[in-house]
Amino acid sequence: MKAMILAAGRGQRMMPLTAHMPKPMLTVAGKPLIAYHLERLKRAGIDHVVINLAWQGEKIEQHFGDGSQLGMHIEYSHEPEGGLETAGGIAMALPKLCTERDVFVVINGDIFTDYDLHALTQLQLMAGEAHIVLVENPAHNPNGDFRLTHQPLNEQTYTFSGIGLYHKDFFKDEVIAKKPLGPMLRTAIDEHMLSCELFLGQWHDIGTPERLKEINAVMESINVG
């Protein structure tokens with residue numbers, strides 16, 4: 001199985017830190033965010049990764065190269081200036097992602113988590129299906145995004161973690177380049193094509209300089225302890 005790391009975003013809320021640096025290259029405990037994903041993917045048995053690039057993307061490519069120093073194979077999906085919508089970026093990378101299997105993992109490059117990605121490799125999806133990981137609502141998203149699909153009577157909403165498993169046909173729409181991923185996931189729920197799980201472990205959306213500072217403080221306290 002292959003995986004894709006979404007790394008093409010402009011990172012406007014992270015300014016000025018992202019003025020000359022792509023957000024996934026910002027560091028937690030001295031290591032780029034995206035490096036943690038690559039390490040976890042390798043531990044999960046996924047050593048072939050596609051990374052989409054737009055804003056300052058050359059710095060990711062220069063740092064990791066073809067992935068051989070990590071014992072992995074990294075390919076890059078170069079998007080037009082300004083990048084594509086999330087779903088469009090995934091659709092553009094499909095020829096690289098689906099050379100061997102029709103399903104693949106996708107991870108947002110700007111999160112920090114200890115989610116066990118090996119669990120996703122054990123799931124089976126039918127054509128056009130998707131499976132996403134939800135987390136408890138952080139302070140910046142108190143109302144959540146999605147309900148648990150396997151608990152229809154549970155009205156509690158949770159936040160999409162930015163981690164998912166997708167069948168390639170989930171992105172078969174010819175106008176998908178203009179679409180964000182969120183509305184597509186909601187449509188898939190209505191069509192009974194999406195499943196989800198709730199993860200209660202460590203997860204942080206590193207969306208602002210304040211949140212980056214917070215997770216670094218947490219990691220420093222752990223290392224000191």
Side-chain angles (χ1 to χ4, degrees), residues 2-44 46-67 69-79 83-84 86 89-90 93 104-120 132-136 138-141 159-165 181 199 201-223:
K2 296 182 181 181
M4 180 174 187
I5 301 177
L6 301 177
R10 176 67 174 81
Q12 291 280 13
R13 292 178 300 164
M14 268 293 189
M15 292 291 285
L17 300 180
T18 51
H20 304 288
M21 183 69 65
K23 187 160 55 168
M25 287 298 291
L26 297 176
T27 59
V28 171
K31 184 186 302 183
L33 280 168
I34 196 170
Y36 289 97
H37 295 324
L38 291 168
E39 291 171 358
R40 288 195 168 277
L41 285 166
K42 185 178 180 182
R43 286 200 293 270
I46 301 174
D47 58 10
H48 195 147
V49 180
V50 177
I51 303 174
N52 66 335
L53 303 177
W55 175 254
Q56 301 287 328
E58 69 280 359
K59 294 183 178 177
I60 296 176
E61 191 167 5
Q62 290 167 2
H63 186 89
F64 293 102
D66 63 3
Q69 76 275 24
L70 300 174
M72 305 179 75
H73 178 58
I74 299 177
E75 293 186 82
Y76 299 94
S77 179
H78 297 269
E79 297 185 4
L84 300 170
T86 310
I90 298 171
F104 51 89
V105 173
V106 176
I107 310 171
N108 285 3
D110 58 355
I111 62 173
F112 184 82
T113 182
D114 60 0
Y115 178 79
D116 180 8
L117 292 162
H118 182 263
L120 290 183
I132 61 174
V133 179
L134 305 181
V135 294
E136 293 184 306
H140 65 271
N141 190 41
T159 293
F160 176 40
S161 69
I163 303 170
L165 180 72
L181 185 57
F199 174 63
Q202 185 182 48
W203 179 88
H204 302 269
D205 174 10
I206 314 299
T208 65
E210 292 75 22
R211 290 183 220 156
L212 180 63
K213 184 177 180 180
E214 289 171 4
I215 185 58
N216 269 296
V218 169
M219 293 298 290
E220 183 179 348
S221 67
I222 292 174
N223 291 337

Apply salt bridge (charged side-chain N to carboxylate O under 4.0 Å, His left out) to Asp47 and list each qualifying residue two or more places apart in sequence or on a separate chain. none
Run the side chain to side chain donor-acceptor pair (under 3.5 Å) test against Arg40 and tell me which residues pass, sequence neighbours left out. none
With side-chain contact (heavy atoms from CB on, under 4.5 Å) as the criterion, how do Leu41 and Ile5 come out once you've worked through the C-alpha distance, each side chain's angles and the decisive distance to 0.1 Å? CA-CA 10 Å; Leu41 285 166; Ile5 301 177; 4.0 Å; yes
Among all residues two or more places apart in sequence or in another chain, which pass the side chain to side chain donor-acceptor pair (under 3.5 Å) test with Lys213? none
Sorted by chain and number, sequence neighbours left out, ring-ring contact (aromatic ring centres under 6.0 Å, His included) with Tyr76 holds for none
Identify every side-chain donor-acceptor pair in residues 23-35 under 3.5 Å, counting partners at least two apart or on other chains, and give the distances.
residue : atom : partner : partner atom : Å
Lys23   : NZ   : Asp110  : OD2          : 2.8
Lys31   : NZ   : Glu39   : OE1          : 3.2
Lys31   : NZ   : Glu39   : OE2          : 3.1

Consider side chain to side chain contact (heavy atoms under 4.5 Å, CB included). Of Leu134, Asn108, Val106, Leu120, which one does Ile163 pass it with? Leu120
Would you call Leu84 and Asn52 a side-chain contact if the rule is heavy atoms closer than 4.5 Å? no
Residue list, side chain to side chain contact (heavy atoms under 4.5 Å, CB included) with Ala93, at least two apart or on another chain: Met4, Val50, Ser77, Leu97
Output for pair (Ile206 CD1, Met14 CE), nearest 0.5 Å, gives 6.5 Å
Out of the candidates Ile111, Ile90, Ile107, Ile51, only one should pair with Leu6 under the side chain to side chain contact (heavy atoms under 4.5 Å, CB included) rule; please name it. Ile90
In chain order, what residues pass the side chain to side chain contact (heavy atoms under 4.5 Å, CB included) check against Glu58, with sequence neighbours excluded? Gln56, Gln62
Heavy-atom distance under 4.5 Å between the side chains of Val133 and Trp203, does that happen here? no
Can you sort out the partners of His204 under ring-ring contact (aromatic ring centres under 6.0 Å, His included), two or more places apart, ordered by chain and number? none
Taking all atoms of both residues into account, what is the closest heavy-atom pair of Asp205 and Arg211, and its distance? O-CD, 3.0 Å
Between Val105 and Leu165, does a side-chain contact (heavy atoms from CB on, under 4.5 Å) hold up when you go through it step by step? CA-CA 4 Å; Val105 173; Leu165 180 72; 3.9 Å; yes
Distance in Å, Met219 CE paired with Glu214 CD, rounded so as to fall on 0.5 Å steps: 14.5 Å
Could I get the full list of side chain to side chain contact (heavy atoms under 4.5 Å, CB included) partners for Asn141, not counting sequence neighbours? Pro138, Asp145, Thr159
Taking only residues two or more places apart in sequence or in another chain, which ones pass side chain to side chain donor-acceptor pair (under 3.5 Å) with Tyr115? Glu197
Phe64 and Ile74 have their tightest heavy-atom pair at CB-CD1, 3.9 Å
Rounded to the nearest 0.5 Å, what separates atom CG in Leu53 from atom NZ in Lys59? 13.0 Å
Hits for side chain to side chain donor-acceptor pair (under 3.5 Å) against Lys42, two or more places apart or cross-chain, chain-then-number order -> none
Mind checking what makes ring-ring contact (aromatic ring centres under 6.0 Å, His included) contact with His63, not counting sequence neighbours? none
